[in-house]
There are 2 protein chains.
Amino acid sequence: MKEGPDIALIGSLIGDPARANMLTALTGGKALTATELAGTAGITLQTASSHLSKLEAGGLIAQRKQGRHRYFTLADDDVGLMIEGLMGFAAYRGFTRHRTGPKDPALRKARVCYNHLAGDYGVRMLDSLVAEEVIAGVGDKLQLTKSGEGKITALGIDLAALVKSRRPVCRTCLDWSERRSHLSGSLGQALLTLFLDKGWAKREPESRAVRFTGTGEREFAKLFPLPASSTVERVHKHTVEA
Amino acid sequence: MKEGPDIALIGSLIGDPARANMLTALTGGKALTATELAGTAGITLQTASSHLSKLEAGGLIAQRKQGRHRYFTLADDDVGLMIEGLMGFAAYRGFTRHRTGPKDPALRKARVCYNHLAGDYGVRMLDSLVAEEVIAGVGDKLQLTKSGEGKITALGIDLAALVKSRRPVCRTCLDWSERRSHLSGSLGQALLTLFLDKGWAKREPESRAVRFTGTGEREFAKLFPLPASSTVERVHKHTVEA
DNA sequence: TTCATACTTCGATCATCATCGAAGCATCCG
DNA sequence: CGGATGCTTCGATGATGATCGAAGTATGAA
């Protein structure tokens, strides 16, 4: 009927307050679950699910299934850019944000995620492994490098046994406290087992928290030095048009 | 925590197809009456009136009473930029209302973006101005160079008047068809006015399209030479014969 | 296995709002 | 003045869609 792109479609997606709240929350760059998004939007889980499927159908968000959780993120940088543009436009009006509430600090520091290490330490470990070129590639596809194989074997991990198992050796797992990837897969499991076996860390009795000992802290820091760029946040690339 | 209707308000305003059509029509830069807008949106005058009052309450449009007519325009440059940005996002996602209508190639070649030139010609003009060092800086921050001031003045543009206005002289605007920046701001407006005044180009009656005359094409090419290799491919792709 | 958690789907309700007919203002013209 | 035009307001209707309860699915935990 009319010429040009359909802005009404996108507008209607953003136009609903619940969806706008969800998108605003996701603009933070962290992956959030449906339950969390429902909380920030102030609606029930059923309604949130409906909204999320609409947003996904509209290509604004993407989901990543992780066990029984579904982590939602903005589809790509373009979406973030567009939403931030709208927020900038609406700057002369008041705007509200909802932040994820604080959690148990011990859990945030180090905890068990199914069978591997998660939390700040887990993220830091993967960062270091990638920086040291033990593991190549970031994202869903991780692979052990040649030199990395030697380094892992030197730790006393039976790499052949890991490879033999049907499970993938290296895998990313999205961290709920850090909202960044940490190492999963059979190698991730083997490393956590190693820490526990060596007595570097102990599991808290009635919690998922993992408590590192003094020696464990030192050994961990020595084994997985903090890369200089590890604290760099994953912010949206605001590429500038030339 | 519950209320965050900033982008939701704007989104809902744009989210209605009738309003989106009106806003798209107003992006042409011409002041339009309620009757005209009702026609382009395909709705009755009563419905249009309701929509227009909502758009005005939302600060997206402004009206100017003149006799028994009411002329509506976009509220300011920011609205035009925001809508053009949304169009770029929508076009990139393939959200088009009508599969490449007959006017589509003409629109891609040269069109009015609220009050300045957009499309292939708009992008090309900015490319050339930057290459010729009339305008310095890339991205959001554009600035006229010393030598550029002379060149603009030589065209017969009253630069002092542009500077005097509160609006920025040079500004980027994201092109929805080219997905690159073209020149906005008071200088962008002045240049488009220049083309129209000199008779180099004419506005299509009921469209955003701008049609350059033969002389206009030549003068434009002379004034804004194509920088070496960067845009050849794109120009060839979107250039329309006749 | 059984239970719990996370989420989806179905179904029904309810509110919003886009739409248009009709009437009401306002302005211009003759 | 009367009549015509441009637009707004009122009121009723109808459709879309947001919402949530209940039930269903999938995965993890005990």
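First the proteins, then the strands, lettered A, B, ... as listed; each starts at 1.
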(message) Taking the basic N atoms (NZ, or NE/NH1/NH2) and the acidic carboxylate oxygens, is any pair closer than 4.0 Å for A/Glu132 and A/Lys151?
(response) yes
(request) Whole angstrom is fine here: how far is it from CG in A/Leu37 over to P in D/dT19? (result) 14 Å
(message) So that I can tick it off, tell me whether B/Lys109 and B/Glu204 are bridged by a salt bridge, with the cut-off set at under 4.0 angstrom between side-chain N and carboxylate O.
(response) no
(message) Can you measure B/Gln46 atom CD to D/dG14 atom C1' for me and round it to whole angstrom units?
(response) 16 Å
(request) Pick base, sugar-phosphate or nothing for B/Ala48, based on heavy-atom distances below 4.0 Å to the nucleic acid. (result) nothing
(message) I'd like to know whether A/Tyr71 forms a side chain to side chain contact (heavy atoms under 4.5 Å, CB included) with A/Leu32, so could you lay out the CA-CA distance, the side-chain angles of the two residues, the decisive distance to 0.1 Å, and finally the verdict.
(response) CA-CA 5 Å; A/Tyr71 285 95; A/Leu32 298 171; over 6 Å; no
(request) Describe, in one word, how the ring planes of A/Phe195 and A/Trp200 are oriented to each other, choosing from parallel (under 30°), tilted (30 to 60°) and perpendicular (over 60°). (result) parallel
(request) Select from A/Lys65 and A/Asp16 the residue whose nearest nucleotide in DNA chain D is closer to the 5' end of that strand. (result) A/Asp16
(message) Whole angstroms only, please: what is the CG-P distance between A/Leu45 and D/dA22?
(response) 15 Å
(request) Could you state the atom-to-atom distance from NE2 of B/His69 to P of D/dC7 in whole Å? (result) 6 Å
(message) For the CD1 atom of A/Ile61 and the CE atom of A/Met22, what is their distance to the nearest 0.5 Å?
(response) 8.0 Å
(request) Provide, to the nearest angstrom, the distance between the CZ atom belonging to B/Arg64 and the P atom belonging to D/dG6. (result) 17 Å
(request) With sequence neighbours excluded, tell me which residues meet side chain to side chain contact (heavy atoms under 4.5 Å, CB included) with B/Asp77. (result) B/Tyr114, B/Asn115, B/Arg167, B/Arg171
(request) Counting heavy atoms from C-beta on, name the nucleotide in D/dG28, D/dC20, D/dT8 closest to the side chain of A/Thr47. (result) D/dC20
(message) Between B/Arg111 and B/Asp175, does any NZ, NE, NH1 or NH2 come within less than 4.0 Å of an OD or OE carboxylate oxygen?
(response) yes
(message) For a quick check of understanding: with a heavy-atom distance under 4.0 Å over all strands, which category does A/Ser53 fall into, base, sugar-phosphate or nothing?
(response) nothing
(message) Distance check needed: D/dC7 C1' versus B/Glu56 CD, whole Å only.
(response) 13 Å
(request) Give the nucleotide from the list D/dT5, D/dA22, D/dT19 with an atom nearest to the side chain of B/Arg68. (result) D/dT5
(request) May I have the distance from A/Lys54 (atom NZ) to D/dG17 (atom P), rounded to whole angstrom? (result) 7 Å
(request) Provide the start and end nucleotides, 5' to 3', of the part of DNA chain C that has atoms under 4.0 Å from heavy atoms of chain B. (result) C/dA18 to C/dC28
(request) Can you tell me the distance, in whole Å, between the CG atom of A/Leu52 and the C1' atom of D/dT19? (result) 15 Å
(message) If you only use heavy atoms from C-beta on, which nucleotide in D/dT19, D/dC7, D/dC20 is closest to the side chain of A/Ser50?
(response) D/dT19
